[in-house]
Amino acid sequence: MRYSPRGPLRGPALLAAAVALTTVAACSSGAPSGAGSPSPVPSATGTAAPAPVTTSPSPTPTPTRTYPLSAAPRTVPAVRSHEPARGPGWKPGPRAGVVLGADSAGLADEGRLIAEELGLRYRGEAAAGPGDVELALGAKGAPESYTLTVEDGRVRIAGPDEAGVFYGTRTLKQSVRGSGAMPEGTVADRPAKPQRGLNVDIARKHFTAAWLEDRVREMGDLKLNQLGLHFSDDQGFRIESDSHPEVVSEQHLTKAEVRRILALAASRHVTVVPEIDSPGHLGAVIAAHPDLQLVSATGRTPRGAVDISDPDSARIVDDLLREYTALFPGAYWHLGADEYVALMAKDPEASYPQLARAAREAYGPSGRVQDLATGWLNDRAATVRPTGKTLKAWNDGFFAGGVVSAAKDIEVEYWTGKEYGARPPLPYLRAGRALVNLNDEYLYYVLGEPNDFTYPTGRRIYEQWTPLVVRGTTPVPARYDAQILGGRLAVWCDFANAQTQAQVAAGIRLPLEALAQKVWDPRKPARSWSDFRALAAKVRD
């Protein structure tokens, strides 16, 4: 529009200008008069005048729907950061699908799984369309982190690794399951701790492969990433063996079943951590090889303890370690090392003179039985170390004041300060040890509740425990937080028949959900326990 020196045209002047422009346009176009064209009207002087211009009323604007700022999705564990936005969020629709971004073919398993869970089509590597969920690798961030964005009717989940993207799909699944939708905005999420999970004693009580697979699925949805399997103890040896079939219990997992569990675990980003506990807790091995039994000076035969001065004891355990490190491809191996009965004697050297003699022969006149036990631990570590696995041992297998020290690369799995040799957490941390928290005050689910154990409650974990609470109820100083790598809930089957498999699954559900919250984000939860409990019931399978 042109403007006159006096300013823009308004009112009647504007209407006259519009009439004039219309007339000029009609004349310039050379359009014939007729249907659809205004006919000339004679003027008082006899010349044709333009027909009057009829103006139609302006259409009423369509109201634009406004949305309140979105709230964070309600999930277990809770997301750590949500940037709200205005919009309708995302719901699964009939045309929606799951697609993979560029260079993200490695996410096919994650894509197929979330598509099946939400009833969507899986379309593989393709451009995202309206209503789609896109999964993508290559985003910057910490391991296992992800960003989930809901915008323009689409969902995009991106992360630096497959685990992070998988956890993003768990957030999406839980939000849809709990509320029917994923809210508008952006989630930026990551775990506080790298090791988060469940430990199961399958040696004292046989658990079926199907039961363990159900736990893996449950753990994946809770963003837990470790399943410890304690499969050898006094009461049983529960995995098929080719090197020593004679030690295997009648009820056991076949290697085919183990491989099936491992495949499922890999798809849910759960690492299985196997444990052959030694030199104690080897009763099943001793039952097949009674000559390995430790015997005291008075003829006592403590249950489960092999004679570590006998080279045959080391030979059979190393055979088993080599066999099972090949079966389990994960990054960790647990060496056990707890509760060696010889060290619980008032005077181990007097009670077990053959061990004292072997210690002096190996380590000089100052060598003691604890040094021989530490040497055993180091030797078993040397057997496993060539596989590249990270090594673990229970904290009461580490001793102070001896002439031999446990290898520096063995992580401490801290469960108690009550057993012989066990120390409070701080000496381990001051020595620079990495530590995983299995505090028996909060995280031990012991069947039958022997020795003053009580079944842990989700509420107590949720309201009182953090990874810094390593022993008892008192946290260690926050400056050691980086050395505490995470925590696991532990199921021990001291009285195997005290609960059925189904009762164990039901009993650990809330404690496991509470643990998942506290290892993902150790800060005080924003939700009350009652709200958390109701939410957990709503979003779980």
Side-chain angles (χ1 to χ4, degrees), residues 105-110 112-113 137 143-144 159-167 191 193-203 207-232 237-245 247-248 252-278 317-336 380-393 407 409-411 413 434 436 485-486 488:
L107 296 172
D109 287 345
E110 289 76 13
R112 289 190 180 94
L113 178 62
L137 288 171
E144 300 184 292
D161 53 31
E162 293 175 16
V165 176
F166 172 71
Y167 295 143
K193 295 297 179 183
Q195 297 189 39
R196 313 176 300 277
L198 172 67
N199 215 69
V200 183
D201 170 14
I202 66 170
F207 288 90
T208 65
W211 188 92
L212 291 167
E213 288 169 341
D214 285 344
R215 303 290 74 71
V216 168
R217 294 185 186 96
E218 184 179 355
M219 291 170 63
D221 281 355
L222 293 172
K223 303 182 177 79
L224 298 172
N225 65 0
Q226 280 188 352
L227 173 61
L229 290 183
H230 175 92
F231 67 91
S232 171
F237 192 102
R238 301 292 181 178
I239 296 179
E240 175 186 359
S241 173
D242 298 316
S243 66
H244 289 281
V247 307
V248 179
H252 64 272
L253 299 173
T254 66
K255 287 188 174 180
E257 288 175 318
V258 170
R259 292 187 182 99
R260 194 177 78 204
I261 294 167
L262 291 170
L264 176 64
S267 75
R268 306 304 172 98
H269 298 278
V270 173
T271 299
V272 177
V273 183
E275 179 193 357
I276 295 178
D277 202 351
S278 76
V317 171
D318 285 347
D319 287 345
L320 294 167
L321 290 173
R322 293 187 185 97
E323 177 179 4
Y324 291 107
T325 51
L327 176 64
F328 290 93
Y332 301 92
W333 186 272
H334 202 309
L335 297 163
R380 307 293 75 74
T383 298
V384 176
R385 194 174 284 113
T387 67
K389 297 181 188 298
T390 297
L391 302 165
K392 296 173 172 287
D409 62 343
I410 303 175
E411 291 181 359
E413 299 256 304
V436 178
L485 303 180
R488 296 199 304 279

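Just so we're clear, the structure is a prediction, and the values are computed from it rather than from any experiment.
Here the NZ-NE2 distance, from Lys389 to His334, works out to 14.5 Å after rounding to the nearest 0.5 Å. Rounding to the nearest 0.5 Å places CZ of Phe207 at 7.5 Å from CG of Asp201. Separating the CE atom in Met219 from the CG atom in Asp214 is a distance of 12.5 Å, to the nearest 0.5 Å. Atoms CG and CG, from Leu137 and Asp161 in turn, are 8.0 Å apart once rounded to the nearest 0.5 Å. Of the inter-residue distances, the one linking Leu391 atom CG with Leu335 atom CG reads 5.5 Å to the nearest 0.5 angstrom. Atom CZ in Arg488 sits 12.5 Å away from atom CZ in Arg196 (nearest 0.5 Å).
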Inset, instruction - Please test Glu323 against His244 for side-chain contact (heavy atoms from CB on, under 4.5 Å), starting from the C-alpha separation and ending with a verdict. - result: CA-CA 10 Å; Glu323 177 179 4; His244 289 281; 5.8 Å; no
Legend entry - Test side-chain contact (heavy atoms from CB on, under 4.5 Å) applied to Val272 and Leu229, step by step: CA-CA 7 Å; Val272 177; Leu229 290 183; 3.8 Å; yes
Legend entry - Test salt bridge (Lys or Arg N to Asp or Glu O under 4.0 Å) applied to Lys392 and Glu275, step by step: CA-CA 9 Å; Lys392 296 173 172 287; Glu275 179 193 357; over 6 Å; no
Inset, instruction - Please test Phe231 against Val258 for side-chain contact (heavy atoms from CB on, under 4.5 Å), starting from the C-alpha separation and ending with a verdict. - result: CA-CA 12 Å; Phe231 67 91; Val258 170; over 6 Å; no
Output side-chain donor-acceptor pairs under 3.5 Å for residues 325-333, partner residues at least two apart or in another chain, one line each.
residue: Thr325; atom: OG1; partner: Leu321; partner atom: O; Å: 2.8
residue: Thr325; atom: OG1; partner: Arg322; partner atom: O; Å: 3.2

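With a 4.5 Å cut-off on side-chain heavy atoms, Val165 and Glu162 do not count as touching. A heavy-atom distance below 4.5 Å is found between the side chains of Arg385 and Asp409.
Applying the side-chain hydrogen bond (donor to acceptor under 3.5 Å, both in side chains) criterion to Asp109, with sequence neighbours excluded, gives no partner residue. Scored by the side-chain hydrogen bond (donor to acceptor under 3.5 Å, both in side chains) test, Arg259 finds no partners at all (sequence neighbours excluded). Residues passing the side-chain contact (heavy atoms from CB on, under 4.5 Å) test with Ala209, sequence neighbours excluded: Leu253, Glu257, Arg260, Ile261. Evaluation of the side-chain hydrogen bond (donor to acceptor under 3.5 Å, both in side chains) rule for Asp318 yields Arg380, Thr383 as partners, not counting sequence neighbours. Checked against side-chain hydrogen bond (donor to acceptor under 3.5 Å, both in side chains), His252 has no partners two or more places apart in sequence or in another chain.
Ring planes of Tyr324 and Phe237: tilted class, angle from 30 to 60°.
Across Leu485 and Lys193, no two heavy atoms sit closer than the pair O-CB, 3.5 Å. Of all the heavy atoms in Pro191 and Pro143, the pair that sits closest is CD-O, 4.1 Å. Across all non-hydrogen atoms, the minimal contact from Leu224 to Gly197 is CD2-N, 4.0 Å. The minimum heavy-atom distance between Ser243 and Leu320, with the atom names listed, is OG-CD2, 3.9 Å. Closest heavy-atom contact between Ile410 and Ala381: CD1-CB, 4.1 Å.
By the 4.0 Å N-to-carboxylate-O rule, Lys223 lies too far from Glu144 to be salt-bridged with it.
Of the possible polar contacts, none joining the Glu411 side chain to the Val436 backbone as a donor-acceptor pair under 3.5 Å is found. With hydrogens and angles ignored, the 3.5 Å screen pairs a side-chain donor or acceptor of Asn225 with a backbone N or O of Pro194. A donor-acceptor pair is defined here as one N or O able to donate and one able to accept, closer than 3.5 Å; such a pair exists between the side chain of Glu240 and the backbone of Lys255.
Between His269 and Glu110, the side chains place a donor N or O and an acceptor N or O closer than 3.5 Å (distance only, hydrogens not considered).
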